[in-house]
Novice: 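Questions regarding the structure given below will be posed in turn.
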Amino acid sequence: MKKIDAIKDITLENKEINMSFEELEIKNATLEKIDWKDSKFNYLEITNSKIKTSTFSNINLSNQTLYKVTFIDCNFVGTNFSNAFLKEVEFINCNLGYSTFALAELEKVTFSDCNLKEASLYKMKQKKLQLINCNLDSVDVFETNLQNIDLTTCNINHIKIDIPSMKGLIVNEEQALALSKFLQITIH
């Protein structure tokens, strides 16, 4: 197979890619039903692209850059986004269970109808993050500023969160009661 270092200005469908990439740029592309299998990325940059029904499960995307990308119906179970940079990225109906965003930087990132069960948001930096109708069951949130983040449409059962991360969080009454356990107060 020839060396692939760019996927640009193309529509690519129904492929299984199991490669190690020294450098890969995906730009102005539409990818559908791509299974990245055990691919490894030394450097990956995805810009101005739409990716549908693709599988990134257990892939290491740490230190990678995603800019102006929409992911629809994709599988990211166990994916590592540590130290990644995501700007103007949308995840729609994606499975991100057990994924980690530790030390990642997210700007104008939206998760809509996504499963983030048992994901890690440790020391994540964010600006204009949106979580809409997401499953945040058992998510770990530590040392992450969630000021003005609206979780009222999300399931936050069994969330693990530190008190500083809760400051300014927008929740509904039921969620507020559930979060009160972290304040070590008794409500009668």
Side-chain angles (χ1 to χ4, degrees), residues 1-131 134 136 139-145:
M1 179 178 256
K2 71 175 192 151
K3 181 182 172 199
I4 300 173
D5 58 5
I7 299 172
K8 294 183 180 178
D9 307 308
I10 191 170
T11 297
L12 194 61
E13 295 183 50
N14 298 311
K15 299 282 183 204
E16 185 177 296
I17 301 172
N18 184 2
M19 296 177 64
S20 290
F21 295 94
E22 185 63 35
E23 186 174 314
L24 176 63
E25 180 183 10
I26 300 172
K27 186 173 183 177
N28 301 323
T30 300
L31 307 179
E32 189 166 356
K33 295 182 182 173
I34 305 297
D35 187 345
W36 292 94
K37 279 293 195 193
D38 296 316
S39 291
K40 292 176 180 32
F41 303 96
N42 195 35
Y43 175 85
L44 172 67
E45 182 177 306
I46 305 174
T47 55
N48 297 315
S49 296
K50 182 181 272 189
I51 301 176
K52 298 167 64 177
T53 327
S54 294
T55 302
F56 296 85
S57 292
N58 299 310
I59 296 288
N60 184 1
L61 296 178
S62 63
N63 299 303
Q64 308 307 335
T65 301
L66 309 175
Y67 177 60
K68 291 189 175 181
V69 183
T70 300
F71 294 100
I72 303 169
D73 298 321
C74 291
N75 188 343
F76 290 95
V77 171
T79 299
N80 182 0
F81 291 96
S82 297
N83 292 299
F85 177 73
L86 289 74
K87 184 174 181 178
E88 297 180 37
V89 175
E90 281 186 282
F91 293 92
I92 301 167
N93 199 38
C94 292
N95 188 353
L96 295 121
Y98 305 97
S99 59
T100 181
F101 289 87
L103 302 165
E105 188 174 335
L106 282 66
E107 186 175 331
K108 295 182 182 174
V109 173
T110 301
F111 295 92
S112 298
D113 301 304
C114 290
N115 177 31
L116 287 133
K117 183 177 181 175
E118 296 194 39
S120 174
L121 309 181
Y122 174 73
K123 285 190 175 182
M124 185 181 83
K125 293 180 187 128
Q126 63 80 22
K127 289 181 189 167
K128 299 184 181 177
L129 174 68
Q130 290 187 297
L131 293 153
C134 290
L136 303 176
V139 165
D140 285 320
V141 184
F142 293 99
E143 297 182 46
T144 296
N145 178 357

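Bear in mind the structure is a predicted one, so any value in this text is a computation, not a measurement. Heavy atoms only: backbone and side chains are in, while hydrogens, waters and symmetry mates are out.
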Novice: Is the distance between the ring centroids of F101 and Y122 under 6.0 Å?
Specialist: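 That pair fails the under 6.0 Å test.
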Novice: Does the side chain of N93 come under 3.5 Å of the side chain of D73 through a donor N or O and an acceptor N or O?
Specialist: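 Their side chains do contain a donor-acceptor pair, which is all the 3.5 Å distance test asks for.
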Novice: Quick one: list whatever passes side-chain hydrogen bond (donor to acceptor under 3.5 Å, both in side chains) with K127, sequence neighbours left out.
Specialist: none
Novice: Determine the interplanar angle of the F81 and F76 rings, folded into 0 to 90°, and report it as parallel if under 30°, tilted if 30 to 60°, perpendicular if over 60°.
Specialist: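 Correct class here is tilted.
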Novice: Looking at side-chain heavy atoms only, is the closest gap between N14 and I34 below 4.5 Å?
Specialist: no
Novice: Dump the intermediate steps for side-chain contact (heavy atoms from CB on, under 4.5 Å) on E88 and Y67, then the final yes or no.
Specialist: CA-CA 6 Å; E88 297 180 37; Y67 177 60; 4.1 Å; yes
Novice: Can you find a heavy atom in the side chain of K50 that is under 4.5 Å from one in the side chain of I72?
Specialist: yes
Novice: Going by atom types only, do T55 and N75 share a side-chain donor-acceptor pair under 3.5 Å?
Specialist: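 No, no side-chain donor-acceptor pair sits under 3.5 Å.
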Novice: When you compare the side chain of T70 with that of I51, does any pair of heavy atoms fall below 4.5 Å?
Specialist: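 A side-chain contact under 4.5 Å is absent here.
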Novice: Between Y43 and F21, is the ring centre distance below 6.0 Å?
Specialist: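 No, the ring of Y43 stays outside the 6.0 Å limit from the ring of F21, centre to centre.
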Novice: side-chain contact (heavy atoms from CB on, under 4.5 Å), that's the test. Do F111 and I92 meet it? Break it down for me.
Specialist: CA-CA 6 Å; F111 295 92; I92 301 167; over 6 Å; no
Novice: Taking the side chain as every heavy atom from C-beta outward, state whether L12 and I7 have any pair of such atoms under 4.5 Å apart.
Specialist: yes
Novice: Can a donor-acceptor pair be found between the side chains of N95 and N115 at a distance below 3.5 Å?
Specialist: yes
